[in-house]
Amino acid sequence: MKRTIIPFGPQHPVLPEPIHLTLTVEDEIITEAVPALGFVHRGLEQLADLRDFRQMVQVVERVCGICSMMHAMCYAQGIEGLMEVEVPPRAKYLRVIWSELHRMHSHLLWLGLFADSFGFESLFMQFWRIREKILNIQEATTGNRIIVSVNVIGGVRKDLSPDQIRWMLSELIEVEQMIMNLGPTLFDDYTVKKRTVDKGILSGEKAMELGTAGPTLRGSGVSQDMRTLGYAALNELDFTPVTEKNGDCWSRCKVRFLETLQSIDLVRQAIARIPNGEINTKVKGRPDGEIIARVEQPRGEVFYYIKANGKKNLDRLRIRTPTFANIPALLTMLPGMWLSDVPVVVLSIDPCISCTER
Amino acid sequence: MLHFDCGSCNGCDIETLACLTPVYDIERFGVINVGNPMHADILLVTGTVNPRNKKVLVNLYDQMPNPKVVVAIGSCGLSGGIFKDAYNVLGGIDKVIPVDVYVPGCPAKPEAIIDGVVMALKKYEVIKKKHSDSVPSRMKWRKIAP
């Protein structure tokens, strides 16, 4: 059979972000996929030379708009570890609340885009309608819809009033109800099963070997979640990582769906146990030494390496994001797939290109 | 309307997508998101320009039929924003293609984006009228950008 080369991206209706895949196709079956990256590269790590370590919080938030809270939290935790700052307990709980809200809005966004990738547009609209409720909560509590910008080194900038907490809980009940109503549509539908079950299979051993992270790994039955490390206040909250066994697109979808509900539960637990007190501490001096910080993002483990030398600017800032870890898995999943399944499989790893390229 | 992410942090992109969903619903102004630049009249661009995506952006702009309007979204699209000093950033969208409407914000809110698109629509009508006066009628549908 003659080989055909089909370019996929960088501008493609199914992708909100530019990634280019060169797909080699034999009779509509993919034999090879080669990615081309670099469309969104900004050179953000280098900005550490120009901005001081406090300003970098705002810069690392713009690594990725969808998971900005986690990036800033990870960076702040790294710097706090270097400077041996004790964050007040209330700030830790507030960080958990906002980061879990972020996870919810990211997963709902993904569930919508995933539904759109196999042409289920009404489901896309439904998920994004629910997501607006979460964004309303974020806007009401922090002042911005997406890039919430609440983290500072030594704590958080904003506090939650009792009124806001009461309103948030009542909104979350509604959100949970709406998500539960969409569950049967997503998981019992014949068409959805036909498009997702047994597509893009990744076994647990292969996933570990390729170093995948997050829901892509948990969808293959490996229970690995950085939240179990107990950063912020997570060591005082109860949860078990969600896993699914099959390792196909359907399992990855189910993991993210259940994680959304788990996040609602975590927010409730955090609100129930939140102590009173200060929300940030004064930080004096400059960081010195090197440290690694890890946080679970909606897409998996994000890893920060920070090297400082007691000056205003950091020596080196290195960010490794989950999508970077998941791209090799994507490339092993694609060969053998039908060309029409490419959008579903590409989206099933939840690609975040601006994270990957920074 | 065609949306292209030209190196933004996703913030403005998902806000642009949010405009298409029921809560904001930009379709009530007669705007539909298309995937093909040849079907588009309005180009929404988010994010900074770098040497690599510059070519893609110019290519997309050239493929759009005349008349066309460009909306730059977000601080990065306007001037480079927070990434202005980064080594791989050339600056705002207007360094590469002419921009008609600027929507500020980091990230720009859906209300602001809708406002920008509606302004672009008004501008489009004006340009279209001028354009149809200047092009002979038999050439109207064949005029493609150089």
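The chains referred to below are lettered A, B, ... by the order of the sequence lines, with proteins before strands, and numbering in each begins at 1.
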Checklist line | Heavy-atom proximity to chain B below 4.5 Å, by part of A:A48 | finding: neither
Next item on the list: Using side-chain hydrogen bond (donor to acceptor under 3.5 Å, both in side chains) as the criterion, point out the one residue from A:R320, A:R318, A:H71 that pairs with A:Y304.
Entry: A:H71
Item checked: Check ion pair A:E174-A:K133 (N to O, under 4.0 angstrom) -> yes
Notebook entry, point to check: Is there a salt bridge (Lys or Arg N to Asp or Glu O under 4.0 Å) between A:R103 and A:E100 once you walk through the steps?
Noted result: CA-CA 5 Å; A:R103 192 183 313 280; A:E100 292 307 314; 3.2 Å; yes
Check: Quick one: what part of B:P51 sits under 4.5 Å from any heavy atom of chain A, side chain, backbone, both or neither?
Finding: neither
Item checked: Which atoms of A:V63 approach chain B - backbone, side chain, both or neither, heavy atom under 4.5 Å -> backbone
Note to self: Under 4.5 Å from any heavy atom of chain A, what part of B:C106 do you find: side chain, backbone, both or neither?
What the structure shows: both
Next item on the list: Go through A:E61, A:Q126, A:H41, A:R51 and name the one with the most non-hydrogen pairs under 4.5 angstrom from chain B.
Entry: A:H41
Notebook entry, point to check: Has B:R52 got its NZ or CZ under 6.0 Å from the middle of the six-membered ring of A:F39, at an angle within 45 degrees of the ring axis?
Noted result: yes
Next item on the list: Can you see which heavy atom on B:I114 is nearest to which on B:F29, and at what distance?
Entry: CG2-CE1, 3.4 Å
Check: Out of B:T46, B:I82, B:V89, which one racks up the most heavy-atom pairs below 4.5 Å with chain A?
Finding: B:I82
Note to self: Under 4.5 Å from any heavy atom of chain A, what part of B:T21 do you find: side chain, backbone, both or neither?
What the structure shows: both
Note to self: Over 60° means perpendicular and under 30° means parallel, so tell me whether A:F114 and A:F118 are parallel, tilted or perpendicular.
What the structure shows: perpendicular
Check: Which atoms of B:L20 come close to chain A, meaning under 4.5 Å heavy atom to heavy atom: side chain ones, backbone ones, both, or neither?
Finding: backbone
Notebook entry, point to check: With a cut-off of under 6.0 Å to the ring centre and 45° to the axis, is A:R42 in cation-pi contact with B:F83?
Noted result: yes
Check: Is it the side chain or the backbone of A:I147 that comes within 4.5 Å of chain B heavy atoms, both, or neither?
Finding: both
Margin query: Between A:E139 and chain B, with a heavy-atom cut-off of 4.5 Å, which part of the residue counts as in contact: side chain, backbone, both or neither?
Written below: side chain
Note to self: Can you tell me which of B:V23, B:T48, B:D13 forms the most heavy-atom pairs within a distance under 4.5 Å of chain A?
What the structure shows: B:V23
Notebook entry, point to check: Given that the side chain runs from C-beta out, which part of A:N144 has a heavy atom under 4.5 Å from chain B: side chain, backbone, both or neither?
Noted result: side chain
Next item on the list: Show your reasoning for whether salt bridge (Lys or Arg N to Asp or Glu O under 4.0 Å) applies to A:R195 and A:D341.
Entry: CA-CA 8 Å; A:R195 287 303 303 271; A:D341 287 330; 3.6 Å; yes
Check: With a 4.5 angstrom heavy-atom cut-off, which part of B:D85 approaches chain A: side chain, backbone, both or neither?
Finding: both
Item checked: Atom group of B:K54 that falls short of 4.5 Å from chain A, counting heavy atoms -> neither
Notebook entry, point to check: Can the positive tip of B:K68 be found less than 6.0 Å from the middle of the six-membered ring of B:Y61, inside 45° of the ring normal?
Noted result: yes
